[in-house]
Amino acid sequence: MGKIFNVTANCNPKLHYMVDLTGRLEQIKAMVDRGEYFTINRARQYGKTTTLFALADYLKDDYQVVRIDFQRLQETDYIDTEHFVRGFSRLIFKAVQGKEIPDHVTEQLRRFAHGEVSYAAFDDLFDVISIWCGQSERPVILMIDEVDQASNYQAFLDLLAQLRAGYIDRDIFPAFQSVILAGVYDIKNLKSRFVSNGEHHTNSPWNVAADYLVDMSFAAPEIAGMLQEYEDDYATGMNMPLISELIYDYTSGYPYLVSRICKLLDEQISGTEHFPDKSSAWTQAGVIEAVGRLVAEDNTLFESLEDKVNAYPDLKEFLQFLLMNGKEISNVPGNTAIGIAKMFGFVKIENNKVVVANRIFEMRLYNMFLASAEMQRSEMYTLGDRDKYRFINDDGLNMELVLERFVAAFDDLYGDLAQKFPEEDGRRYFLLYLRPIINGTGNYYIESRTRNQERTDVIVDYLGKQYVIELKIWRGDSYNTRGESQLLAYLDHYHLKKGYMLSFNFNKNKKIGVQRLQIGDKTLVEAVV
């Protein structure tokens with residue numbers, strides 16, 4: 001049986017098409033060699049477990065690696081510290097089976113694990129661990145996956161305190177060479193997650209942890225390396241640089257999203273009416289089709305993200321502002337909403353600006369917010385829903401007609417209020433009008449490089465085709481000319497011959513309407529409201 005693209009649990013290079021992780025493993029090993037303790041805190045399904053499995057194998061010749069998973073703990077293990085010590089010992093005892101450790105250490109771990117110690121305390125357990133680390137021929141590494149499972153319990157705080165004490169005193173008492181925790185939450189900074197006797201702790205026992213700066217996203221050349229292995233097996237004739245760059249453009253290298261698009265192309269899109277074989281699937285149109293299916297599906301990643309949006313009101317408000325307002329947002333250290341959005345993987349920081357982490361998330365969030373009952377009750381959404389069947393033809397989406405009808409609808413609804421109309425609301429109303437038109441068939445996202453108060457480029461994917469619409473505030477003829485030049489350059493980037501401009505003009509003497517301009521081999525459709 002051949003390899004597949006995997007999106008569940010950890011990836012195995014013998015079974016799955018994978019990005020080469022060697023560079024990352026070298027960076028992490030350098031941290032281990034320095035004796036650092038740290039947390040791999042990344043968003044859900046960002047390759048943390050796969051990295052730990054690969055790292056354990058990578059380090060096995062130089063270190064004795066003990067890898068455990070807190071998902072294997074039971075609810076009863078959290079009753080109190082004694083139960084947690086037993087559960088923790090049980091995981092370690094199972095993990096060291098078959099490893100070369102002293103018999104008396106194995107026996108002591110067994111007694112802790114099976115509750116044969118009169119009172120199981122962390123001090124006693126870590127005395128055993130210190131003896132083990134001192135007698136081991138190779139330094140001992142502890143890896144703990146899914147630490148979020150335990151992070152609300154006092155017992156976990158006690159464990160971190162023991163690890164910290166061992167780190168500080170290891171020149172006197174042998175201790176783990178390195179401890180690696182993996183989870184979503186940044187334990188070092190989210191101190192308020194730890195509660196004791198009804199009070200939040202304000203000091204983190206994990207403040208000895210080093211910063212984990214390893215980039216775990218997949219760069220386009222790395223995606224191409226994975227696709228090359230697939231191409232060697234199936235000879236699709238795909239344009240490797242184009243497809244890898246396209247997948248990266250949509251995902252920003254988010255591991256799950258990269259693998260999911262590839263899996264959809266290989267297993268679901270290839271063999272359909274429009275993509276009868278693998279060669280036709282692994283094309284730009286095929287990738288756009290895979291993106292559409294991905295954005296529309298329900299999966300554990302999207303469910304987790306949307307649960308977080310609903311659980312954190314400040315996060316929801318911040319994301320809505322980021323998506324709908326059209327303004328750049330600077331990264332402000334200490335801002336709670338930005339910190340939460342970063343931790344859960346919604347956003348990233350580029351040039352000290354906050355941007356949505358990837359186009360897939362942006363599409364999904366737009367769909368989520370614009371499909372709300374409040375949004376769908378808006379007059380602009382209702383008009384777009386009423387008009388939607390006018391815009392579909394054999395060539396796909398008639399975007400020029402969309403602009404014409406939007407101009408008319410906007411003028412009818414807001415023409416008399418133009419002088420009082422908030423400029424940033426124009427973008428939101430266009431997106432509201434567009435949403436029901438492409439719903440279920442297409443998606444749109446904002447090109448983050450052009451997001452600012454005066455200009456925003458919306459990219460629409462519809463039936464394998466792309467449409468670029470520049471939304472901007474009218475600042476005079478000279479500014480409009482610059483906008484045309486920018487749009488022409490952007491059309492070259494997307495290999496398109498036709499582009500669209502929508503200007504919101506709040507001058508009293510404005511002239512609304514739609515006109516066509518031919519500039520070289522490019523056609524620009526300009527609409528003014």
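Predicted model only: the values in this text are computed from it and were never measured.
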Exercise for the section: Kindly indicate whether the side chain of Lys94, heavy atoms from C-beta on, has any atom under 4.5 Å from the side chain of Leu91. Expected result: no
Problem - Side-chain touch Tyr250/Ile288, heavy atoms, less than 4.5 angstrom - result: yes
Exercise for the section: Report the C-alpha distance between Gln154 and Asp158 in whole Å, list the side-chain angles of each, state the deciding distance to 0.1 Å, and finish with yes or no for side chain to side chain donor-acceptor pair (under 3.5 Å). Expected result: CA-CA 6 Å; Gln154 173 62 33; Asp158 295 338; 2.9 Å; yes
Problem - Salt bridge flag under 4.0 Å for residues Lys278 and Asp266 - result: yes
Practice task
Quick one: pull up CZ in Phe176 and CG in Leu163 and give me the separation to the nearest 0.5 Å.
Solution key: 7.0 Å
Exercise for the section: Supply the atom-to-atom distance Lys498 NZ to Gln466 CD, rounded to the nearest 0.5 angstrom. Expected result: 16.0 Å
Handout entry: Distance-only donor-acceptor check, side chains Ser304 and Asp307, under 3.5 Å
Key = no
Fill in the blank from the handout: In terms of heavy-atom contacts, Tyr433 and Leu383 come closest through CE1-C, 3.8 Å
Practice task
Quick one: pull up NZ in Lys263 and CG in Asn6 and give me the separation to the nearest 0.5 Å.
Solution key: 6.5 Å
Problem - Ring-ring centroid check Tyr254 Phe218, cutoff 6.0 Å - result: no
Practice task
Heavy atoms only: give me the nearest Leu370-Leu431 pair and the separation to one decimal.
Solution key: CD1-O, 4.0 Å
Fill in the blank from the handout: Lys48 and Ile40 have their tightest heavy-atom pair at CD-O, 3.5 Å
Handout entry: Distance-only polar pair, side chains of Asn41 and Tyr46, donor-acceptor under 3.5 Å
Key = no
Problem - Side-chain touch Pro241/Asn239, heavy atoms, less than 4.5 angstrom - result: yes
Exercise for the section: For the pair Arg293 and Glu289, find out whether any cationic side-chain nitrogen is under 4.0 Å from an anionic carboxylate oxygen. Expected result: yes
Handout entry: Audit row: Ser178, Glu36, side chain to side chain donor-acceptor pair (under 3.5 Å) steps and yes/no
Key = CA-CA 5 Å; Ser178 180; Glu36 293 179 339; over 6 Å; no
Handout entry: Note: Asp215-Arg42 ion pair, threshold 4.0 Å (strictly below)
Key = no
Problem - Whether Tyr185 and Phe344 hold their rings parallel, tilted or perpendicular, with breakpoints at 30° and 60° - result: perpendicular
Practice task
Would you please test Tyr366 and Tyr444 for ring-ring contact (aromatic ring centres under 6.0 Å, His included) and show each step?
Solution key: CA-CA 8 Å; Tyr366 270 125; Tyr444 53 71; 5.5 Å; yes
Handout entry: Tyr230/Trp282 aromatic ring centres below 6.0 Å
Key = yes
Handout entry: Test of ring centre spacing under 6.0 Å for Phe84 and Tyr78
Key = yes
Handout entry: Gap separating the OG1 atom of Thr336 from the CG atom of Leu315, nearest 0.5 angstrom
Key = 11.5 Å
Handout entry: Carboxylate-amine/guanidinium contact Arg435 Asp385, below 4.0 Å
Key = no
Exercise for the section: Report yes if the side chains of Gln284 and Val287 come closer than 4.5 Å at any heavy-atom pair, otherwise no. Expected result: no
Problem - Ring geometry between Tyr17 and Phe5 (parallel below 30°, tilted from 30 to 60°, perpendicular above 60°) - result: tilted
Practice task
Taking atom CD of Glu317 as the centre, report whether more than 12 heavy atoms of other residues, nucleotides or ligands fall under 6.0 Å from it.
Solution key: no
Problem - Heavy atoms of other groups near Gln27 CD, more than 12 under 6.0 Å - result: yes
Problem - Asp145 CG to Asp69 CG distance, which is reported to the nearest 0.5 Å - result: 5.0 Å
Problem - Side-chain touch Tyr312/Phe318, heavy atoms, less than 4.5 angstrom - result: no
Handout entry: Min side-chain heavy-atom separation Val295-Phe302 under 4.5 Å
Key = no
Practice task
Kindly assign one of parallel, tilted or perpendicular to the pair Phe406 and Phe430, based on the angle between their ring planes and the thresholds 30° and 60°.
Solution key: perpendicular
Problem - Pair Glu303, Asn299: side-chain N/O donor-acceptor within cut-off below 3.5 Å - result: no
Handout entry: Nearest-0.5 Å distance, NZ of residue Lys348 to CG of residue Asn331
Key = 14.0 Å
Exercise for the section: Check whether more than 12 heavy atoms from other residues, nucleotides or ligands sit under 6.0 Å from atom CG of Asn351, and answer yes or no. Expected result: no
Practice task
Given ring-ring contact (aromatic ring centres under 6.0 Å, His included), test Tyr494 with Tyr490 step by step and report yes or no.
Solution key: CA-CA 6 Å; Tyr494 276 87; Tyr490 215 56; 5.2 Å; yes
Problem - side-chain contact (heavy atoms from CB on, under 4.5 Å) evaluation trace for Val402 with Leu434 - result: CA-CA 8 Å; Val402 170; Leu434 188 60; 4.2 Å; yes
Problem - Side-chain heavy atoms of Ile141 within contact of Val66, under 4.5 Å - result: no
Practice task
Measure up the Tyr500 and Tyr467 rings against each other and bin them: parallel (under 30°), tilted (30 to 60°), perpendicular (over 60°).
Solution key: tilted
Exercise for the section: State, yes or no, whether a side-chain contact exists between Glu222 and Asp20 at a heavy-atom distance under 4.5 Å. Expected result: no
Exercise for the section: Compute whether any side-chain donor of one residue and acceptor of the other, for Asn310 and Glu306, lie under 3.5 angstrom apart. Expected result: no
